[in-house]
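The residues of the chain are indexed from 1 along the displayed sequence. As the structure is a computational prediction, the values presented were derived from the model and not from experiment.
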Amino acid sequence: MALCLGQVFSKDKTFRPRKRFEPGTQRFELYKRAQASLKSGLDLRKVVQLPEGENINDWIAVHVVDFFNRINLIYGTVSEFCTERSCPVMSGGPRYEYRWQDGGHYKKPTKLPALKYMNLLMDWIEALINNEDIFPTRVGVPFPKNFQQVCKKILSRLFRVFVHVYIHHFDSVCNMGAEAHVNTCYKHYYYFISEFSLIDQSELEPLRPMTEKICN
(Lines give C-alpha, C1' and ligand atoms only; values in the text may rest on other atoms or scores of the structure.)
Protein backbone atom coordinates (compact mmCIF):
# COMPACT_ATOMS: atom_id res chain seq x y z
CA MET A 1 0.00 0.00 0.00
CA ALA A 2 1.35 3.42 -0.92
CA LEU A 3 2.29 5.66 1.98
CA CYS A 4 0.91 9.17 2.22
CA LEU A 5 3.29 11.91 1.19
CA GLY A 6 3.49 13.13 4.77
CA GLN A 7 5.04 9.80 5.73
CA VAL A 8 7.29 9.60 2.70
CA PHE A 9 8.65 13.14 2.86
CA SER A 10 9.03 13.34 6.63
CA LYS A 11 11.67 15.26 8.57
CA ASP A 12 13.57 12.12 9.50
CA LYS A 13 13.99 11.35 5.80
CA THR A 14 15.65 14.68 5.09
CA PHE A 15 19.20 14.19 3.90
CA ARG A 16 20.22 17.62 5.21
CA PRO A 17 18.56 20.27 7.41
CA ARG A 18 16.46 22.63 5.33
CA LYS A 19 17.91 26.00 4.42
CA ARG A 20 15.35 28.67 5.34
CA PHE A 21 14.81 32.26 4.28
CA GLU A 22 14.64 34.92 6.98
CA PRO A 23 11.11 36.33 7.42
CA GLY A 24 10.87 39.97 6.50
CA THR A 25 13.52 39.81 3.79
CA GLN A 26 12.91 40.35 0.09
CA ARG A 27 14.02 36.82 -0.64
CA PHE A 28 11.53 35.40 1.88
CA GLU A 29 8.74 37.33 0.14
CA LEU A 30 9.89 36.04 -3.25
CA TYR A 31 9.99 32.51 -1.87
CA LYS A 32 6.42 32.82 -0.53
CA ARG A 33 5.30 34.21 -3.87
CA ALA A 34 6.92 31.34 -5.77
CA GLN A 35 5.41 28.73 -3.43
CA ALA A 36 1.95 30.29 -3.73
CA SER A 37 2.21 30.12 -7.52
CA LEU A 38 3.25 26.48 -7.33
CA LYS A 39 0.23 25.60 -5.19
CA SER A 40 -2.20 27.54 -7.35
CA GLY A 41 -2.19 25.00 -10.14
CA LEU A 42 -0.70 27.42 -12.67
CA ASP A 43 1.29 26.15 -15.63
CA LEU A 44 4.81 25.51 -14.32
CA ARG A 45 6.24 27.18 -17.42
CA LYS A 46 4.63 30.43 -16.25
CA VAL A 47 5.47 29.89 -12.58
CA VAL A 48 9.21 30.01 -13.27
CA GLN A 49 9.14 33.28 -15.22
CA LEU A 50 10.79 36.27 -13.57
CA PRO A 51 8.13 38.42 -11.88
CA GLU A 52 7.94 41.93 -13.26
CA GLY A 53 10.27 44.32 -11.50
CA GLU A 54 12.23 41.64 -9.63
CA ASN A 55 15.98 41.10 -9.72
CA ILE A 56 16.96 37.99 -11.65
CA ASN A 57 19.73 37.03 -9.21
CA ASP A 58 17.30 37.15 -6.28
CA TRP A 59 14.91 34.95 -8.26
CA ILE A 60 17.65 32.47 -9.11
CA ALA A 61 18.92 32.42 -5.51
CA VAL A 62 15.46 31.63 -4.16
CA HIS A 63 15.05 28.74 -6.58
CA VAL A 64 18.53 27.31 -6.08
CA VAL A 65 17.95 27.11 -2.32
CA ASP A 66 14.45 25.67 -2.82
CA PHE A 67 15.67 23.04 -5.26
CA PHE A 68 18.47 22.13 -2.86
CA ASN A 69 15.91 21.60 -0.10
CA ARG A 70 13.49 19.59 -2.21
CA ILE A 71 16.02 17.44 -4.06
CA ASN A 72 17.76 16.77 -0.77
CA LEU A 73 14.40 15.56 0.57
CA ILE A 74 13.77 13.37 -2.48
CA TYR A 75 17.14 11.69 -2.14
CA GLY A 76 16.53 11.25 1.58
CA THR A 77 13.51 9.08 0.80
CA VAL A 78 15.59 6.58 -1.21
CA SER A 79 18.95 6.87 0.56
CA GLU A 80 18.32 3.70 2.58
CA PHE A 81 18.25 1.80 -0.73
CA CYS A 82 21.36 3.57 -2.04
CA THR A 83 24.15 1.64 -0.38
CA GLU A 84 27.76 0.99 -1.31
CA ARG A 85 26.67 -2.49 -2.35
CA SER A 86 23.68 -1.47 -4.48
CA CYS A 87 25.32 1.67 -5.93
CA PRO A 88 29.11 1.27 -5.77
CA VAL A 89 29.52 4.08 -8.32
CA MET A 90 27.65 7.35 -8.71
CA SER A 91 26.02 6.80 -12.06
CA GLY A 92 22.95 7.06 -14.24
CA GLY A 93 22.87 3.64 -15.83
CA PRO A 94 25.80 2.09 -17.70
CA ARG A 95 26.38 5.08 -20.00
CA TYR A 96 26.79 7.84 -17.44
CA GLU A 97 29.20 7.94 -14.53
CA TYR A 98 29.81 10.95 -12.31
CA ARG A 99 33.09 11.47 -10.49
CA TRP A 100 33.62 13.89 -7.63
CA GLN A 101 36.02 16.82 -7.75
CA ASP A 102 35.95 19.83 -5.44
CA GLY A 103 39.41 21.31 -5.68
CA GLY A 104 39.99 20.50 -2.03
CA HIS A 105 40.37 16.96 -0.76
CA TYR A 106 39.35 15.65 -4.19
CA LYS A 107 41.60 17.54 -6.57
CA LYS A 108 41.06 15.06 -9.41
CA PRO A 109 37.78 13.49 -10.59
CA THR A 110 37.32 10.52 -8.25
CA LYS A 111 35.05 7.51 -8.59
CA LEU A 112 32.88 7.15 -5.46
CA PRO A 113 29.85 5.18 -4.25
CA ALA A 114 26.66 7.13 -4.90
CA LEU A 115 25.91 7.68 -1.21
CA LYS A 116 29.37 9.13 -0.57
CA TYR A 117 29.04 11.32 -3.66
CA MET A 118 25.66 12.60 -2.42
CA ASN A 119 27.06 13.43 1.01
CA LEU A 120 29.91 15.42 -0.53
CA LEU A 121 27.56 17.13 -2.97
CA MET A 122 25.13 18.27 -0.29
CA ASP A 123 28.00 19.46 1.94
CA TRP A 124 29.45 21.41 -0.98
CA ILE A 125 26.13 23.07 -1.90
CA GLU A 126 25.30 23.82 1.72
CA ALA A 127 28.64 25.59 2.18
CA LEU A 128 28.02 27.70 -0.93
CA ILE A 129 24.48 28.80 -0.09
CA ASN A 130 25.56 29.66 3.47
CA ASN A 131 28.46 31.75 2.19
CA GLU A 132 27.51 35.43 2.48
CA ASP A 133 30.07 36.36 -0.17
CA ILE A 134 28.15 34.23 -2.72
CA PHE A 135 24.55 34.25 -1.46
CA PRO A 136 24.37 37.60 0.40
CA THR A 137 21.35 38.04 2.67
CA ARG A 138 21.98 41.58 3.93
CA VAL A 139 20.06 44.39 2.26
CA GLY A 140 22.18 46.36 -0.18
CA VAL A 141 24.95 43.76 -0.48
CA PRO A 142 25.35 42.89 -4.18
CA PHE A 143 25.72 39.42 -5.64
CA PRO A 144 29.23 38.56 -6.85
CA LYS A 145 29.93 38.81 -10.57
CA ASN A 146 30.25 35.03 -10.86
CA PHE A 147 26.99 34.35 -9.02
CA GLN A 148 25.13 32.84 -11.97
CA GLN A 149 28.12 30.69 -12.89
CA VAL A 150 28.15 29.27 -9.34
CA CYS A 151 24.41 28.60 -9.57
CA LYS A 152 24.83 26.87 -12.91
CA LYS A 153 27.35 24.52 -11.33
CA ILE A 154 25.07 23.83 -8.35
CA LEU A 155 22.06 23.14 -10.58
CA SER A 156 24.12 20.96 -12.90
CA ARG A 157 25.23 18.78 -10.00
CA LEU A 158 21.72 18.65 -8.54
CA PHE A 159 20.56 17.32 -11.89
CA ARG A 160 22.77 14.30 -11.29
CA VAL A 161 20.67 13.47 -8.22
CA PHE A 162 17.59 13.30 -10.44
CA VAL A 163 19.50 11.10 -12.89
CA HIS A 164 20.51 8.65 -10.19
CA VAL A 165 17.09 8.56 -8.52
CA TYR A 166 15.17 8.10 -11.78
CA ILE A 167 17.46 5.46 -13.25
CA HIS A 168 18.41 3.48 -10.14
CA HIS A 169 15.72 4.07 -7.53
CA PHE A 170 12.50 4.98 -9.29
CA ASP A 171 10.94 1.62 -8.42
CA SER A 172 11.34 2.54 -4.75
CA VAL A 173 9.82 5.97 -5.43
CA CYS A 174 6.83 4.32 -7.10
CA ASN A 175 6.45 1.79 -4.30
CA MET A 176 6.11 4.71 -1.89
CA GLY A 177 3.52 6.34 -4.13
CA ALA A 178 5.73 9.39 -4.50
CA GLU A 179 6.29 9.41 -8.26
CA ALA A 180 3.87 12.30 -8.90
CA HIS A 181 5.68 14.44 -6.33
CA VAL A 182 9.11 13.64 -7.79
CA ASN A 183 7.88 14.22 -11.34
CA THR A 184 6.43 17.62 -10.39
CA CYS A 185 9.66 18.64 -8.72
CA TYR A 186 11.62 17.60 -11.79
CA LYS A 187 9.27 19.46 -14.14
CA HIS A 188 9.60 22.60 -12.03
CA TYR A 189 13.39 22.24 -12.04
CA TYR A 190 13.52 21.55 -15.79
CA TYR A 191 11.32 24.51 -16.74
CA PHE A 192 13.35 26.80 -14.49
CA ILE A 193 16.76 25.86 -15.83
CA SER A 194 15.39 26.02 -19.38
CA GLU A 195 13.79 29.45 -18.85
CA PHE A 196 17.13 30.97 -17.83
CA SER A 197 19.51 28.70 -19.82
CA LEU A 198 21.24 27.56 -16.63
CA ILE A 199 22.42 24.16 -17.85
CA ASP A 200 23.91 23.12 -21.16
CA GLN A 201 21.38 20.93 -22.95
CA SER A 202 23.98 18.22 -23.52
CA GLU A 203 24.15 17.63 -19.76
CA LEU A 204 20.45 16.78 -19.72
CA GLU A 205 20.88 13.87 -22.12
CA PRO A 206 20.72 11.07 -19.47
CA LEU A 207 17.07 11.92 -18.73
CA ARG A 208 16.02 12.94 -22.24
CA PRO A 209 13.35 10.18 -22.60
CA MET A 210 11.95 10.95 -19.13
CA THR A 211 11.96 14.68 -19.84
CA GLU A 212 10.08 14.23 -23.12
CA LYS A 213 7.55 12.03 -21.33
CA ILE A 214 6.71 14.29 -18.40
CA CYS A 215 7.67 17.81 -19.54
CA ASN A 216 6.18 18.04 -23.04
Side-chain angles (χ1 to χ4, degrees), residues 9 12-19 63-131 134-135 146 148-176 178-179 182-183 185-186 189-190 192-194 197-215:
F9 295 99
D12 63 332
K13 292 280 189 179
T14 305
F15 202 54
R16 284 287 185 284
R18 290 176 65 85
K19 167 74 174 179
H63 282 80
V64 166
V65 173
D66 188 40
F67 286 133
F68 167 71
N69 284 333
R70 292 199 284 148
I71 295 169
N72 159 36
L73 193 55
I74 287 170
Y75 182 70
T77 68
V78 301
S79 59
E80 63 187 288
F81 310 109
C82 188
T83 65
E84 290 195 14
R85 184 172 181 177
S86 67
C87 305
V89 176
M90 175 58 182
S91 63
R95 292 182 58 197
Y96 301 97
E97 179 181 299
Y98 301 115
R99 300 188 177 193
W100 183 255
Q101 182 178 17
D102 54 22
H105 184 70
Y106 295 89
K107 298 187 185 304
K108 297 180 179 180
T110 305
K111 183 185 296 189
L112 296 171
L115 182 61
K116 175 69 172 175
Y117 184 102
M118 297 295 187
N119 270 294
L120 290 168
L121 173 60
M122 298 305 175
D123 282 346
W124 176 76
I125 296 175
E126 198 168 32
L128 288 172
I129 63 179
N130 286 324
N131 186 334
I134 301 172
F135 281 76
N146 67 336
Q148 290 191 23
Q149 287 303 119
V150 172
C151 288
K152 287 178 180 181
K153 196 165 186 178
I154 291 173
L155 291 166
S156 174
R157 289 187 172 184
L158 281 174
F159 176 73
R160 299 173 184 182
V161 182
F162 278 122
V163 173
H164 188 73
V165 169
Y166 269 119
I167 293 177
H168 294 278
H169 300 293
F170 201 57
D171 284 348
S172 297
V173 170
C174 292
N175 289 339
M176 290 184 282
E179 65 271 26
V182 174
N183 286 345
C185 183
Y186 178 67
Y189 167 92
Y190 176 77
F192 184 78
I193 57 115
S194 298
S197 301
L198 294 170
I199 294 185
D200 189 290
Q201 287 296 309
S202 64
E203 293 191 45
L204 303 177
E205 198 59 37
L207 289 184
R208 186 72 61 194
M210 178 65 71
T211 303
E212 291 174 355
K213 180 180 178 181
I214 69 176
C215 296

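- Applying the salt bridge (Lys or Arg N to Asp or Glu O under 4.0 Å) rule to Glu205 yields the partners Arg208; only residues at least two apart in sequence or on another chain are considered.
- A donor-acceptor contact shorter than 3.5 Å links the side chain of Asn175 to the backbone of Asp171.
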Run the side-chain contact (heavy atoms from CB on, under 4.5 Å) test on Val161 and Ile74 for me, step by step, so that the C-alpha distance in whole Å, both residues' side-chain angles and the decisive distance to 0.1 Å come before the verdict. CA-CA 9 Å; Val161 182; Ile74 287 170; 5.9 Å; no

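- Side-chain atoms of Tyr166 and Asn183, non-hydrogen and from C-beta on, do get closer than 4.5 Å to each other.
- Note: Thr77 OG1 to Asn72 CG = 10.0 Å, rounded to the nearest 0.5 Å.
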In residues 91-98, what donor-acceptor pairs under 3.5 Å come from side-chain atoms, sequence neighbours left out?
unit_1, atom_1, unit_2, atom_2, d
Ser91, OG, His168, NE2, 3.2
Glu97, OE2, Arg99, NE, 2.8
Glu97, OE2, Arg99, NH2, 3.1

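- Contact check for Phe68 versus Ile154: no side-chain heavy atoms found under the 4.5 Å cut-off.
- When all heavy atoms of Cys82 and Leu115 are compared, the closest pair comes out as O-CB, 3.5 Å.
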Take Leu155 and Glu203, measure what side-chain contact (heavy atoms from CB on, under 4.5 Å) needs, and give me the verdict at the end. CA-CA 11 Å; Leu155 291 166; Glu203 293 191 45; over 6 Å; no

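- Remark: Arg70 CZ to Leu158 CG distance equals 11.5 Å, nearest 0.5 Å.
- Qualifying side-chain contact (heavy atoms from CB on, under 4.5 Å) partners for Thr110, counting only residues two or more places apart in sequence or in other chains: Tyr106, Leu112.
- Using a 4.5 Å heavy-atom cutoff, the side chains of Met118 and Met90 are in contact.
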Are Trp100 and Leu121 close enough, and set up right, to give a side-chain contact (heavy atoms from CB on, under 4.5 Å), and what steps lead you there? CA-CA 8 Å; Trp100 183 255; Leu121 173 60; 4.0 Å; yes

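- Leu120 contributes atom CG, which lies 11.5 Å from atom CD1 of Ile125 (distance to the nearest 0.5 angstrom).
- For Glu179 against Cys174, the heavy-atom pair with the smallest separation is OE1-CA, 3.4 Å.
- Checked by atom type and distance alone, the side chain of Ser79 pairs as donor or acceptor with a backbone atom of Gly76 at under 3.5 Å.
- Side-chain contact between Met210 and Tyr190 is absent, with no heavy atoms from C-beta onward closer than 4.5 Å.
- Nearest heavy atoms, Ile167 versus Pro206: CD1-O, 4.1 Å.
- How far CG of Asp200 is from NZ of Lys152: 9.5 Å, rounded to the nearest 0.5 Å.
- Ring geometry for Tyr75 versus His164: interplanar angle of 30 to 60°, hence tilted.
- Taking NE2 of His63 as the reference point, atom SG of Cys151 lies at 12.0 Å (rounded to 0.5 Å).
- Relative orientation of the Tyr189 and Phe162 rings is tilted, given thresholds of 30° and 60° on the angle between their planes.
- Between Tyr186 and Phe159, the angle of the ring planes lies from 30° to 60°, which puts this pair in the tilted group.
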Test log, rule side-chain contact (heavy atoms from CB on, under 4.5 Å), inputs Val150 and Val64: CA-CA 10 Å; Val150 172; Val64 166; over 6 Å; no

